[in-house]
Amino acid sequence: MMWHKRKLRANSSGQLLIVAALAIAILISSTTIYVYEVSKEINSANSWPMTDYVLALKQSTRNTVVSSLVNASNGGEETVLTANLNELSEVLRSLDQFGICQLDFYVSNDSAYDMGVRLSWNTSDSGVSSAYANFTLNVYGIAANLAVEYTINVTTLIAVNGYYTRLAGDEKLVNLTCNVFNEGKPALAKNISLFYETLGSWIPVNSSNNLSVIDCGNGTYTASFTVDIALDTVTVSAHIFDLRDVFVQAKTTCYEA
């Protein structure tokens, strides 16, 4: 596990957006090529069952939802999910190996989700990045018609809590625990950056703070570092990328143990 020092997201959101956009373009292209190549094999060998074909199409929709959440959580527009699913639907309509393929979808719009995307990073002690959509996949063939309804929910959640002990003067030793989840199950982080607040500014935690991070291997990460501030509390913000490159952040207030 490598731990990299990162600047605040505002300094790199433009670059991240470009990278995420390129990733989506590559994903859609590779999805189209993959489905097309597999479909050609079906057409020639006549041996691939319809259920496997549908599973491949469902995986394509999931990949699109994941890449859209990566884009949105890294500074892209929240409408990116709808735009990408519309494009995927157009691609699938061009496939006719088993008949006409039609993908319809509905993205959640409620108090939690906006255009199918939820970025909830201001709640104390936890943060959520999520994309949610309902799908209906219809294949209209000569021999038979097939309709499949399914839901895709891609969610990265982190839970952060900690405390501090006093050292000499105003110096404090902060102990932090962070738990990472994908779809409610423990997951690994690709990168974790920590910041603490002082005088209205967020200061990155690095080696000068005697930073130590331990990966417990089960989605739990513990960190310790020192700060020199006069306040009775220490507010910490954790910025995390999971292994899918979905970004999420959360802050917590640490009190003296």
Side-chain angles (χ1 to χ4, degrees), residues 9 13 16-17 19-21 23-28 30-32 34-35 54-93 101-139 146-160 178-190 219 238-251:
R9 296 180 61 245
S13 60
L16 290 171
L17 181 55
V19 171
I24 289 172
I26 293 172
L27 171 68
I28 292 176
S30 62
T31 296
T32 306
Y34 169 74
V35 175
V54 170
L55 286 176
L57 298 183
K58 290 175 68 175
Q59 185 60 47
S60 296
T61 58
R62 180 173 181 81
N63 291 345
T64 302
V65 173
V66 171
S67 65
S68 299
L69 181 58
V70 171
N71 189 302
S73 67
N74 281 280
E77 297 292 334
E78 293 185 359
T79 56
V80 68
L81 176 60
T82 300
N84 287 340
L85 289 177
N86 278 326
E87 187 168 350
L88 179 64
S89 296
E90 290 294 327
V91 170
L92 297 186
R93 271 195 286 270
C101 182
Q102 179 175 329
L103 179 69
D104 297 315
F105 64 89
Y106 170 78
V107 297
S108 297
N109 278 297
D110 52 32
S111 58
Y113 288 85
D114 183 9
M115 298 295 288
V117 174
R118 178 188 179 191
L119 303 178
S120 179
W121 299 342
N122 296 319
T123 303
S124 180
D125 301 333
S126 67
V128 177
S129 294
S130 178
Y132 185 94
N134 294 299
F135 297 90
T136 300
L137 177 64
N138 290 284
V139 180
L146 177 67
V148 180
E149 295 183 352
Y150 58 98
T151 297
I152 293 178
N153 183 358
V154 178
T155 299
T156 299
L157 180 148
I158 61 173
V160 183
C178 181
N179 293 284
V180 183
F181 302 91
N182 285 162
E183 288 78 67
K185 298 179 181 179
L188 299 179
K190 182 178 182 179
H239 294 195
I240 294 179
F241 289 86
D242 67 11
L243 294 184
R244 304 177 292 199
D245 285 324
V246 174
F247 175 83
V248 62
Q249 68 182 55
K251 63 182 179 179

A.B. asks: Can you pull out every salt bridge (charged side-chain N to carboxylate O under 4.0 Å, His left out) where at least one residue sits in residues 63-72? Sequence neighbours excluded, please.
C.D. replies: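 The answer is none; no pair qualifies.
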A.B. asks: Let me confirm one number: the CZ-CG distance from F105 to L81, rounded to the nearest 0.5 Å.
C.D. replies: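 These two atoms lie 7.0 Å from each other.
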A.B. asks: Could you work out, with side chain to side chain contact (heavy atoms under 4.5 Å, CB included) as the rule, every residue matching S124, not counting sequence neighbours?
C.D. replies: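 S124: no side chain to side chain contact (heavy atoms under 4.5 Å, CB included) contacts found.
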A.B. asks: Got C101 and L137 here, is their nearest side-chain heavy-atom distance under 4.5 Å?
C.D. replies: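 Yes, their side chains come closer than 4.5 Å.
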A.B. asks: Can you measure from CD (E87) to OG (S68) and round to the nearest 0.5 angstrom?
C.D. replies: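 E87 CD to S68 OG: 10.0 Å, rounded to 0.5 Å.
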A.B. asks: Going by the rule side chain to side chain donor-acceptor pair (under 3.5 Å), which residues pair with Y106 if we only count those two or more places apart in sequence or in a different chain?
C.D. replies: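 Per chain and number, Y106 pairs via side chain to side chain donor-acceptor pair (under 3.5 Å) with no residue.
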A.B. asks: Look up atom CG in D245 and atom CG in L69, then write down how far apart they are to the nearest 0.5 Å.
C.D. replies: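 Separation between the atoms: 11.0 Å.
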A.B. asks: Verify the distance criterion only: is there a donor paired with an acceptor across the side chains of N86 and E90 at less than 3.5 Å?
C.D. replies: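 Absent: no donor and acceptor within the cut-off.
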A.B. asks: Can you tell me how far apart CG (N122) and NZ (K251) are? Round to the nearest 0.5 Å.
C.D. replies: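 If I round to the nearest 0.5 Å, the distance is 6.5 Å.
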A.B. asks: Between W121 and S129, which heavy-atom pair has the shortest distance, and what is it?
C.D. replies: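 Nearest pair, atom of W121 first, then S129: NE1-OG, 3.1 Å.
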A.B. asks: Out of curiosity, E78 CD to S73 OG, how far, rounded to the nearest 0.5 Å?
C.D. replies: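 Rounded to the nearest 0.5 Å, the CD-OG separation comes to 10.5 Å.
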A.B. asks: Students often mix this up, so state it plainly: with edges at 30° and 60°, are the rings of F135 and Y150 parallel, tilted or perpendicular?
C.D. replies: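 The rings of F135 and Y150 lie parallel, inter-plane angle below 30°.
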A.B. asks: S108: which residues meet the side chain to side chain contact (heavy atoms under 4.5 Å, CB included) condition with it, sequence neighbours left out?
C.D. replies: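 S108: side chain to side chain contact (heavy atoms under 4.5 Å, CB included) contacts with D110, Y113, Y132.
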A.B. asks: Excluding sequence neighbours, so at least two apart, what forms side chain to side chain donor-acceptor pair (under 3.5 Å) with D104?
C.D. replies: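 With neighbours one apart ignored, the set is Q102.
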A.B. asks: Compare every heavy atom of G219 with every heavy atom of L188, then report the nearest pair and how far apart it is.
C.D. replies: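 So the two residues come closest at CD2-N, 4.1 Å.
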A.B. asks: Going by salt bridge (charged side-chain N to carboxylate O under 4.0 Å, His left out), name the pairs with one or both residues in residues 54-69, residues two or more places apart or in two chains.
C.D. replies: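 Pairs touching residues 54-69 that pass the test: R62-E183.
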A.B. asks: Under the side chain to side chain donor-acceptor pair (under 3.5 Å) rule, collect the residues that match up with D125, sequence neighbours excluded.
C.D. replies: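 With sequence neighbours excluded, D125 shows a side chain to side chain donor-acceptor pair (under 3.5 Å) to T252, given in chain and number order.
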A.B. asks: Only pairs under 3.5 Å count here: list side-chain donor-acceptor contacts from residues 151-160, not counting sequence neighbours, and write none if there are none.
C.D. replies:
residue: T151; atom: OG1; partner: N134; partner atom: OD1; Å: 2.6
residue: N153; atom: OD1; partner: S130; partner atom: OG; Å: 3.3
residue: N153; atom: OD1; partner: T155; partner atom: OG1; Å: 2.7
residue: T155; atom: OG1; partner: S130; partner atom: OG; Å: 2.7
residue: T156; atom: OG1; partner: N182; partner atom: ND2; Å: 3.2
residue: T156; atom: OG1; partner: D242; partner atom: OD2; Å: 2.6
residue: T156; atom: OG1; partner: R244; partner atom: NH2; Å: 3.0

A.B. asks: Grab the two heavy atoms, one from A112 and one from R118, that are nearest each other, plus how far apart they are.
C.D. replies: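 So the two residues come closest at O-CG, 3.2 Å.
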A.B. asks: Do L57 and L103 come within less than 4.5 Å of each other through their side chains, counting heavy atoms only?
C.D. replies: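 Side-chain contact under 4.5 Å: no.
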A.B. asks: Nearest 0.5 Å please: distance from the OG1 atom of T61 over to the CG atom of N84.
C.D. replies: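 Taking OG1 in T61 and CG in N84, the distance rounds to 12.5 Å.
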A.B. asks: So with a 6.0 Å cut-off around CG of N109, is the heavy-atom count from everything else above 12?
C.D. replies: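 Enclosed.
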